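Single-structure report; data block below.
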Amino acid sequence: MEKLSMAATILCAAVALAALAAAAAGGEAAVVEHTFVVHEMNQTHLCNTTKIYVVNGQLPGPTIDVTDGDTVVVHVQNRLPHGLTIHWHGVRQMRSCWSDGAGFVTECPVPPGGERVYRFSVTGQVGTLWWHAHVTCLRATVAGAFVIRPRDGRYPFPTPTKDVPIIIGEWWQLDLVELDRRMHFGNFDDNPLSATINGKLGDLSNCSGRPEESFVLDVVRGKTYLLRILNTALFSEYYFKVAGHTFTVVGADGNYLTPYKTDMVTLAPGEAIDVLMAADAPPAHYHMVALANQPPEPDLQVPVFLSRGLVRYAGSDSNNGGLPVTTPVMPDQHNTMPSYYFHSNLTGLAHPDRHRVPMHVDERLFFTLGLGSICRDNTATSCKRRRSPDTIVVATMNNVSFRQPTNASLLERYYERRTSGLYTEDLPDRPPRPYNYTDRDLIPPGPLEEALEPTFKATKLRRFRYNTSVEIIFQSTALLQSDSNPMHLHGYDFFVLAMGLGNYDPKTDPNKFNYHNPPLRNTVQVPRTGWAAVRFVTDNPGMWYLHCHFEFHIIMGMATAFIVEDGPTPATSLPPPPPEFKTCGANGLTHP
């Protein structure tokens with residue numbers, strides 16, 4: 001790495017400009033510092049003690065609370081016996097790709113006993129994001145909220161009395177490193193034992209008849225609360241409801257939305273939804289429920305995962321007056337349509353400076369998302385398919401399963417121009433052959449499926465010039481599965497122009513595109529056997545990971561990375577790595 005002193009100069013200049021912009025907007029930008037000590041500890045649930053991985057002894061992890069325009073500095077100390085990185089999910093990281101925290105994409109993991117300083121500015125974003133480990137399955141417990149407040153203190157909705165993170169997760173009895181190892185070898189039979197709300201399993205789970213602890217939200221009648229709801233789960237999308245109450249959805253992924261009233265919120269892994277909840281019910285106790293939804297095929301055998309918490313009004317009797325606590329009526333576990341309707345109803349709150357949909361498209365991509373298989377013997381040219389012991393099931397984009405590097409950082413090697421043998425830049429724009437992508441006969445093994453199943457693993461990326469207008473159609477397929485696919489792009493927000501069920505029709509479906517007020521998101525929930533259209537401009541140079549946020553799909557290979565070239569000026573180019581950045585050699589290439 002060269003010119004580190006110049007890197008520091010450029011970084012300081014960028015921070016100074018962000019501070020000036022923030023001061024002009026009303027208030028002085030601050031430097032917000034945190035220390036994250038990542039370590040093991042034991043927790044006992046469901047009569048069993050389990051080793052888990054946490055930050056500062058907290059589950060969920062500590063909330064980072066900043067104001068638009070602030071600079072964030074996080075000192076990470078890794079006291080685990082294996083490497084990890086921390087990703088700042090949804091933070092744009094403008095010209096700070098080095099701090100994105102994507103393992104083996106932007107950096108090699110921090111080794112056991114090692115330290116890492118992440119430094120970046122937060123500019124032009126307001127709302128709820130989150131942070132999480134980005135190596136193996138550790139994000140199940142190494143995760144927390146990332147709150148960005150408006151510089152002037154004003155919201156485009158009534159100011160809430162209080163805001164509360166609601167972090168939906170999963171409780172795994174299996175060691176998370178072992179879970180990752182099993183999935184890498186094609187074993188996907190493990191499931192969590194329960195859902196969690198803010199780390200609590202809830203009173204529907206018990207140990208020898210003794211209920212588990214529930215998360216309790218204390219409210220005062222007549223007040224309004226901003227719930228910052230996150231789905232940090234590895235495996236499932238979740239429905240969230242509070243009995244006797246409705247929500248007004250006002251934001252998602254660090255961007256404002258047109259207010260939308262509903263009695264249920266749907267979140268896929270990776271999504272953040274901000275809702276207002278008025279405490280307008282008679283003073284009493286009310287259950288909140290987070291319920292995982294699963295596609296009906298082929299996952300009918302998946303158990304129900306849910307957690308139940310409590311909304312408790314001030315002045316209500318401690319035992320609710322002896323009356324049963326009201327519980328919300330939830331959808332069927334296998335009914336995925338409420339998710340489609342919820343996401344389809346979200347629109348952006350139009351902003352004349354930021355919400356300008358690019359009308360001209362330079363690059364059009366059509367990405368099919370599905371499963372396939374490779375031969376377990378990697379020297380074999382062919383093998384028996386149909387879920388045979390000779391094959392490993394993998395996940396694909398356009399029939400390519402991403403091979404994650406394990407001894408190099410894509411960004412580091414790209415910057416040094418030493419990419420030979422590490423990756424190629426020929427990720428296909430379209431699948432190799434068209435077919436009826438949503439034909440349900442492709443879900444079970446059979447002749448139609450067998451012809452489409454063979455695939456291969458490779459580290460294939462896609463390169464874009466700076467300031468390119470990109471449109472991506474994500475098409476969920478029925479090949480060996482019928483999952484939805486929450487697709488997350490690092491370093492960018494994109495406009496979600498439309499989504500639909502069935503196969504995308506390039507002749508008629510563009511007529512459904514919303515160019516007036518589409519939501520800006522960093523994660524799009526591509527419907528089960530459906531499609532979603534997104535559009536963005538490549539204004540942030542660097543190496544940016546694109547992947548499904550179901551952990552099993554990431555491990556199986558539903559991922560790639562986008563290279564965005566430098567622009568014409570230093571202000572539109574990726575600066576050199578900052579002084580605190582450690583190369584892969586310095587990090588010892590640690591991977592569990």
Side-chain angles (χ1 to χ4, degrees), residues 10-32 64-73 87-101 118-131 145-157 228 250-258 272-274 347-358 466-467 469-470 488-496 517-524 534-542 544 564 567 569-575:
I10 292 172
L11 196 60
C12 289
V15 170
L17 286 172
L20 286 172
E28 193 169 319
V31 176
V32 180
I64 293 182
D65 197 322
V66 301
T67 300
D68 181 19
D70 286 350
T71 295
V72 180
V73 180
H87 169 54
W88 316 99
H89 183 113
V91 175
R92 281 293 317 268
Q93 297 287 3
M94 295 300 295
R95 301 179 63 250
S96 56
C97 188
W98 302 102
S99 288
D100 188 52
Y118 291 95
R119 185 188 307 268
F120 52 91
S121 294
V122 178
T123 305
Q125 295 180 280
V126 174
T128 307
L129 302 171
W130 60 302
W131 59 265
F146 193 114
V147 175
I148 309 172
R149 302 185 185 279
R151 173 61 51 186
D152 60 8
R154 294 188 299 225
Y155 296 98
F157 47 79
R228 301 179 180 273
V250 294
D253 293 354
N255 291 285
Y256 293 128
L257 295 176
T258 306
I273 303 289
D274 292 338
T347 57
L349 192 63
H351 190 295
D353 295 327
R354 294 194 64 222
H355 285 210
R356 293 180 177 175
V357 180
Y466 183 82
N467 211 32
S469 175
V470 180
H488 171 54
L489 177 59
H490 291 214
Y492 282 88
D493 287 334
F494 42 66
F495 292 100
V496 181
N517 61 348
L520 265 176
R521 305 296 306 272
N522 62 61
T523 303
V524 59
V534 306
R535 199 175 287 184
F536 63 99
V537 175
T538 56
D539 60 356
N540 194 11
W544 303 108
V564 176
T569 67
T572 58
S573 299
L574 176 69

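This structure is a prediction, so every number in the text was calculated from the model and none was measured.
- Between the OG1 atom of Thr347 and the CG atom of Leu520 there is a distance of 11.5 Å, given to the nearest 0.5 Å.
- Taken to the nearest 0.5 Å, the CG atom of Asp493 stands 9.5 Å off from the OG1 atom of Thr523.
- Here the closest non-hydrogen pair linking Leu257 and Pro519 is CD2-CB, 3.8 Å.
- Gln125 is not listed as a side-chain neighbour of Asp68, based on a closest heavy-atom distance of 4.5 Å or more.
- Using a cut-off of 4.0 Å between Lys/Arg side-chain N and Asp/Glu carboxylate O, Asp253 and Arg521 are scored as salt-bridged.
- In this structure, Arg535 contributes its side chain and Pro358 its backbone to a donor-acceptor pair below 3.5 Å.
- Considering CZ of Arg119 and OG of Ser99, their distance stands at 8.5 Å, rounded to 0.5 Å.
- For the pair Asp539 and Tyr466, the minimum side-chain heavy-atom distance is below 4.5 Å.
- Atom-to-atom distance recorded for Arg95:CZ and Leu574:CG is 8.0 Å, nearest 0.5 angstrom.
- At a threshold of 4.5 Å between non-hydrogen side-chain atoms, the residues Ser96 and Trp88 do not count as touching.
- Counting heavy atoms from C-beta on, the side chains of Val537 and Asn467 come closer than 4.5 Å.
- The pair Asp65-Arg149 meets the salt-bridge criterion, since a charged nitrogen lies less than 4.0 angstrom from a carboxylate oxygen.
- Side-chain atoms of Val496 and Val534, non-hydrogen and from C-beta on, do get closer than 4.5 Å to each other.
- Considering CH2 of Trp130 and CD1 of Ile64, their distance stands at 13.0 Å, rounded to 0.5 Å.
- Looking at Val147, Ile148, Val91, Val31 one by one, the single match for side chain to side chain contact (heavy atoms under 4.5 Å, CB included) with Val66 turns out to be Ile148.
- In this structure, Asp100 contributes its side chain and Trp544 its backbone to no donor-acceptor pair below 3.5 Å.
- The two atoms that bring Pro541 and Ser573 nearest to each other are CG-C, 3.6 Å, heavy atoms only.
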Would you check, one step at a time, whether the test side chain to side chain contact (heavy atoms under 4.5 Å, CB included) holds for Tyr256 with Asp274?
CA-CA 9 Å; Tyr256 293 128; Asp274 292 338; over 6 Å; no
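- Using a 4.5 Å heavy-atom cutoff, the side chains of Ser121 and Met94 are not in contact.
- Arg92 has its side chain out of reach of Leu129: every pair of non-hydrogen atoms, C-beta onward, lies at least 4.5 Å apart.
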Test His488 against Asn522 for side chain to side chain contact (heavy atoms under 4.5 Å, CB included), laying out the working first.
CA-CA 6 Å; His488 171 54; Asn522 62 61; 3.3 Å; yes
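- The aromatic rings of Tyr155 and Phe157 sit parallel, their planes meeting at an angle under 30°, below the 60° perpendicular limit.
- The distance from the CG atom of Asn255 to the OG1 atom of Thr128 is 11.0 Å, given to the nearest 0.5 Å.
- For the pair Ala29 and Gly69, the tightest heavy-atom approach, listed with the atom from each and the gap, is CB-O, 3.4 Å.
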